[in-house]
Number of protein chains: 2
Amino acid sequence: MPETSPRAHDALEITAPHRELLDQVLDKWSLEVLAVLCESPSRFNGLRRAIPAVTQKSLTATLRRLERNGIVEREVVATRPVAVEYRITPLGKTMREPVDVLLAWIRDHTPEVERARDRFDAAGT
Amino acid sequence: MPETSPRAHDALEITAPHRELLDQVLDKWSLEVLAVLCESPSRFNGLRRAIPAVTQKSLTATLRRLERNGIVEREVVATRPVAVEYRITPLGKTMREPVDVLLAWIRDHTPEVERARDRFDAAGT
DNA sequence: CTGTATCCTCTAGGATACTG
DNA sequence: CAGTATCCTAGAGGATACAG
């Protein structure tokens with residue numbers, strides 16, 4: 001049994017490319033967009049209505065980023081005026097489970113975290 | 001079975017407090033700190049050595065945030081000069097599984113994402 | 001050794017106006 | 001309808017110096 005590694009096991013190891021992908025996929029609006037598109041394909045303004053707080057600029061940026069990463073798909077329907085449909089890709093669907101697990105943890109532990117915050121803040125009086 | 005909800009199921013739903021916790025726990029340095037502390041308790045400069053890229057300021061901020069959220073614990077050992085030990089809490093340990101699942105997804109799909117990026121960038125020629 | 005305190009830069013993202 | 005183009009600002013985070 002070699003003892004060369006400073007850490008016993010590195011399931012949590014995270015390299016620069018991994019960090020970048022993590023940021024692109026868990027950023028401020030991506031999860032909301034994914035939530036909508038996981039239910040059904042949607043058009044640009046449909047997404048805006050579903051996510052009222054997002055600005056046009058940020059939504060565009062988020063969609064481009066997700067498209068570039070192969071998470072969503074963009075189809076232009078050449079009507080007048082044009083319609084653009086966004087769909088989640090097979091790759092995008094594989095994100096669902098890990099994201100669900102993560103959000104489940106968040107939901108389950110938010111109360112405990114809030115108690116910890118109260119204690120911490122009270123101690124700092 | 002009521003059909004009041006616009007979305008079929010909202011496992012991906014994310015509220016403001018959830019988003020905040022997500023940001024505090026998945027931010028730039030938190031995962032690296034967690035990775036170290038999951039292996040064993042560590043002192044401040046031990047963490048610095050384990051994570052060479054982090055600045056003193058950011059490490060302090062990260063540790064304070066994690067401590068406030070009940071993820072890590074801080075113990076001051078009153079020697080001369082003082083030593084401060086950081087440990088992961090039971091709550092912190094529960095983060096491990098969801099984070100592992102997430103990072104596993106990242107690792108497993110980075111190649112496919114990179115192919116998607118190449119296609120996207122090539123198309124934009 | 002374990003931090004604060006400043007200063008400074010850089011980028012995400014909002015507001016708003018315009019376009020094919 | 002589905003975007004671009006600008007302008008602007010708040011906050012994250014680096015570099016550096018100092019302190020208990």
Side-chain angles (χ1 to χ4, degrees), chain A residues 14 16 19-34 36-37 40-69 71-88 120 123-124, chain B residues 14 16 19-34 36-37 40-69 72-87 120 123-124:
Chain A
I14 185 167
R19 180 75 240 182
E20 193 200 357
L21 180 51
L22 198 56
D23 287 336
Q24 302 213 349
V25 128
L26 291 190
D27 79 303
K28 188 167 186 186
W29 299 112
S30 293
L31 291 185
E32 310 240 24
V33 168
L34 266 300
V36 176
L37 295 185
S40 80
S42 179
R43 305 204 314 204
F44 190 81
N45 281 348
L47 285 162
R48 289 194 73 185
R49 278 187 297 276
I51 314 168
V54 75
T55 64
Q56 216 165 26
K57 179 186 169 185
S58 294
L59 181 56
T60 304
T62 301
L63 288 167
R64 284 293 171 286
R65 192 165 41 236
L66 291 176
E67 188 196 359
R68 187 171 110 92
N69 288 317
I71 307 296
V72 309
E73 215 171 23
R74 178 176 183 271
E75 186 192 357
V76 179
V77 185
T79 53
R80 288 299 316 263
V82 294
V84 178
E85 239 202 20
Y86 290 94
R87 276 188 295 283
I88 194 160
F120 184 92
Chain B
I14 184 167
R19 181 73 241 182
E20 193 201 357
L21 180 50
L22 199 56
D23 288 336
Q24 303 213 347
V25 128
L26 291 189
D27 79 305
K28 190 167 184 187
W29 299 113
S30 293
L31 292 185
E32 310 240 25
V33 168
L34 266 300
V36 176
L37 295 186
S40 78
S42 180
R43 306 204 314 203
F44 190 81
N45 280 348
L47 285 162
R48 290 193 74 183
R49 277 188 297 274
I51 313 167
V54 75
T55 63
Q56 216 165 26
K57 178 187 171 185
S58 293
L59 181 56
T60 304
T62 300
L63 288 168
R64 284 293 171 285
R65 193 164 41 238
L66 292 176
E67 187 194 0
R68 187 170 109 93
N69 286 316
V72 309
E73 216 171 23
R74 178 176 183 269
E75 186 192 357
V76 180
V77 185
T79 52
R80 287 301 315 264
V82 294
V84 179
E85 237 201 23
Y86 290 94
R87 276 187 295 283
F120 184 92

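These values consider heavy atoms only, across backbone and side chains, with no hydrogens, waters or symmetry-generated copies. A note on names: the letters A, B, ... follow the listed sequences, proteins ahead of strands, and every chain is numbered from 1.
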Return the value, rounded to whole Å, for the distance between atom CG of L47(B) and atom P of dT2(C). 9 Å
Under the side chain to side chain contact (heavy atoms under 4.5 Å, CB included) rule, collect the residues that match up with A61(B), sequence neighbours excluded. none
d(CG, L59(B); P, dA12(D)) in whole Å: 17 Å
By the 4.0 Å heavy-atom rule, please label R74(B) as base, sugar-phosphate, or nothing. sugar-phosphate
Heavy-atom side-chain proximity of V54(A) to V33(A) below 4.5 angstrom: no
Does dG3(D) have OP1 or OP2 under 4.0 Å away from a side-chain N or O of Y86(A)? yes
Residue list, salt bridge (charged side-chain N to carboxylate O under 4.0 Å, His left out) with E73(A), at least two apart or on another chain: R87(A)
Looking at every strand, decide which applies to R43(B) at a 4.0 Å heavy-atom threshold: base, sugar-phosphate, or nothing. sugar-phosphate
Protein proximity profile, nucleotides 5-20 of chain C - base contact B, sugar-phosphate-only contact S, no contact -, cut-off 4.0 Å on heavy atoms: -BB-----BBB-B---
Specify the separation, in whole Å, of atom CZ of R80(B) and atom C1' of dT2(C). 12 Å
Salt bridge (charged side-chain N to carboxylate O under 4.0 Å, His left out) with R43(B): which residues, sequence neighbours excluded? none
Here the distance between atom P of dC1(C) and atom CG of L63(B), to the nearest Å, is 16 Å
So, using side-chain hydrogen bond (donor to acceptor under 3.5 Å, both in side chains) as the criterion, who are the partners of R19(B) when residues are at least two apart? D23(B)
Just how far, in rounded Å, is C1' of dG11(D) from CG of D23(B)? 13 Å
Overall bend - the helix from dC1(C)-dG20(D) to dG20(C)-dC1(D), comparing terminal axes fitted on five pairs, nearest 10 degrees: 50°
Looking only at side-chain N and O atoms, does R64(A) come under 4.0 Å of OP1 or OP2 in dG3(D)? yes
Quick one: list whatever passes side chain to side chain contact (heavy atoms under 4.5 Å, CB included) with Q24(A), sequence neighbours left out. E20(A), R65(A), N69(A), R117(B)
To the nearest angstrom, how far is N45(B) atom CG from dT2(C) atom P? 5 Å
I'd like to know if the side chain of T62(A) and the backbone of S58(A) have a donor-acceptor N/O pair within less than 3.5 Å. yes
Quick one: E85(B) CD to dG3(C) P, roughly how many Å, whole number? 12 Å
Checking V84(B) now: which residues fulfil side chain to side chain contact (heavy atoms under 4.5 Å, CB included) with it, not counting sequence neighbours? R74(B), V76(B), Y86(B)
Could you work out, with side chain to side chain contact (heavy atoms under 4.5 Å, CB included) as the rule, every residue matching S40(B), not counting sequence neighbours? none
